[in-house]
Visitor: 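Following this message is one structure expressed as structure tokens.
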Amino acid sequence: MILTPIKWTMIQTAALQSLYMVSLSTILTSLAGIPLGVLLVITRQRHIFESAKLNFILGLIINATRSIPFPIFIVFVIPFTRFIVGTSIGPTAVIVPLTLAAVVFMARLTETSLLEVPFGVIEAAQAAGATRWQIIIHVLVAEARPGLIMAITITTITLICYSAMAGAVGGGGLGDLAIRYGYQRYQTDIMWVTVILLLLVVQGVQNLGDWLVRRISHR
Amino acid sequence: MTHLIEITALTKTFGTGSGSVEALKGIDLYVDEGEIFGVIGLSGAGKSTLIRCLNRLETPTSGRVVVAGRDLTTLNDSELLEARRGMGMIFQSFNLLSLRNVWSNVAFPLEMAGRPAPIIHQRVAELLEMVGLSDKAKNYPAQLSGGQKQRVGIARALANSPSILLCDEATSSLDPQTTASILSLIEDLKERLRLTVVLITHEMKVITEICDRVAVMEDGRIVETGQVIEVFTAPKHPTSKSFVEVVLSNREHFLEKGYRPKGILVRVGYIGAMVVEPLVYTLVKKFDVEANILQAHVDHIKGTPYGTLLLDLAGDTACVALALDYLKSSNVNLEVFDDPDSH
């Protein structure tokens, strides 16, 4: 199975588009998703920033967002996408729905890993005279690092999968190439190469995440 | 003299409405400077909530908690942080930061207080030396034994040079030997650093080992309080008695094992030096009763000797009655278990 240079160029372009979409949306997702997850935890009952109202509203928004299937979500947020990036077509435009959908996913994963930190450790920090802000940074987030790295890893892989649906709005990328050329035009070789590429990337991301977790874990 | 810690009419209710739980139902107590004050109670008695009100990990529902002249319930956030730095706290589950090594766990309170690095360095070395863990500085909590973890907890609690140490069931997850070594460390540090210690526990052994005064808690209330030696040798409240019985001989233990008393079971308790033999000798010789010693316990609390005897007094009913009168008139604490008429 030897690919023509044209096909190689197509794959290369698609791979770069995927890399662009996934890496930028992963960064944005982490920047927004982790703080959102922190907020979900600290507003819980008897936690350090208890607020039943805020917790309820956040939960509602997150659940609502998560309940919409991603292809529909892309279309649903088109007006917002247009408002933010000026267009609703192309890799940059796709980053908007990708990030929005992944942020709420990331927030839930963050919530789970922060809840793994025993409350006694937070109490010990309070008793030691730490401020709420210090507790968030130096206890909650610091102690949950292995879980948070896992959460970022899982989110990245989810974003790689989601980005395959970006073709629907002309986003391009490997998934889009596989569907349009590999499947719809019966170019099996392209299908194979993209699938293998995606497989390698996902495997690589997972391994990187596992390695990082092993490095900092001391439990 | 004013007390270092003074709690007045303290109540704490969790939740509201029908699902609410009254954890503290009006607590009054004081702790003097330099004391080791123990609170004993079963789980659910409210002792954990009580000690958490001392550094406002729990906010009291009503009442006053005055520490070193300041009412904790009226402090704002920054005043509270300052007050908390004047108190160290250690926990049953140690609550160390698992991703920080021993050194940085001890450094944590100093970092949070914004101390400069050279001072932190010097202080942490000093603290680790104090708890005997200088060689474990680079280890992580998961690599330590329970006793070592609690030593790290103690070093961390003392980092900001507090004057009060709060111990929340600090030895409850440790084996007896480790418990003894941690308790003697606390006692030693208390002397060296002139600390005042408040501890809560469900083990009478901990109380008799290091406490000066004790409060017995049950169902959100203090049912008895006093010098440990007094409460221990002459408990008044049934709850106090049951705690004492765990440590001392208890007659149920004998009865369960199938022991049939020949006569009347009595417990004789005394404080201070007393020779046991003359007492038993007198019972036998003068009153012609058979005094069977089922159990004898002689020990000392904070240097004061005390003892208890579990006796089975058998013989002629009249003689036994006279013997009981004799015991009542002696300078001992007498508890008669069995009604003589039932035999």
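Because the structure is a prediction, the values reported are computed rather than measured. Numbers restart at 1 for each chain; the letters A, B, ... are given by sequence-line order, proteins then strands.
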Visitor: Counting only non-hydrogen atoms closer than 4.5 Å, does B:Leu96 touch chain A with its backbone (N, CA, C, O), its side chain (CB onward), both, or neither?
Guide: backbone
Visitor: What residues of residues 53-79 of chain B make heavy-atom contacts with chain A at a cutoff under 4.5 angstrom?
Guide: B:Asn55, B:Leu57, B:Glu58, B:Asp77
Visitor: Among B:Arg52, B:Arg100, B:Gln92, who wins on heavy-atom pairs under 4.5 Å with chain A?
Guide: B:Arg52
Visitor: Under 4.5 Å heavy-atom distance to chain A, tell me which part of B:Phe94 shows up: side chain, backbone, both or neither.
Guide: neither
Visitor: Which residues in residues 36-46 of chain A have a heavy atom less than 4.5 Å from any heavy atom of chain B?
Guide: A:Arg46
Visitor: Are there residues of residues 148-170 of chain B whose heavy atoms fall under 4.5 Å of chain A's heavy atoms? If so, which?
Guide: B:Arg156, B:Asn160
Visitor: Could you check whether any side-chain heavy atom of A:Pro146 comes within less than 4.5 Å of a side-chain heavy atom of B:Leu99, counting everything from C-beta outward?
Guide: yes
Visitor: Tell me whether the count of non-hydrogen atoms from other residues, nucleotides or ligands lying under 6.0 Å of CD in A:Gln203 goes above 12.
Guide: no
Visitor: If you count every heavy atom of other residues, nucleotides or ligands that lies below 6.0 Å from A:Phe70 atom CZ, does the total exceed 12?
Guide: yes
Visitor: Could you grab the distance from atom CD of B:Glu111 to atom NE2 of A:His138, nearest 0.5 Å is fine?
Guide: 7.5 Å
Visitor: Assess whether atom CZ of A:Phe119 is packed by more than 12 heavy atoms of other residues, nucleotides or ligands within 6.0 Å.
Guide: yes
Visitor: Listed by residue number, which members of residues 121-133 of chain A have a heavy atom under 4.5 Å from any heavy atom of chain B?
Guide: A:Val121, A:Glu123, A:Ala124, A:Ala125, A:Gln126, A:Ala127, A:Ala128, A:Gly129, A:Ala130, A:Thr131, A:Arg132
Visitor: Tell me, yes or no, whether the heavy-atom count around B:Glu129 atom CD, taken from other residues, nucleotides or ligands under 6.0 Å, exceeds 12.
Guide: no
Visitor: Below 4.5 Å from any heavy atom of chain A, which atoms of B:Met87 appear? Answer side chain, backbone, both or neither.
Guide: backbone
Visitor: Are there more than 12 heavy atoms of other residues, nucleotides or ligands under 6.0 Å from atom CZ of A:Phe83?
Guide: no
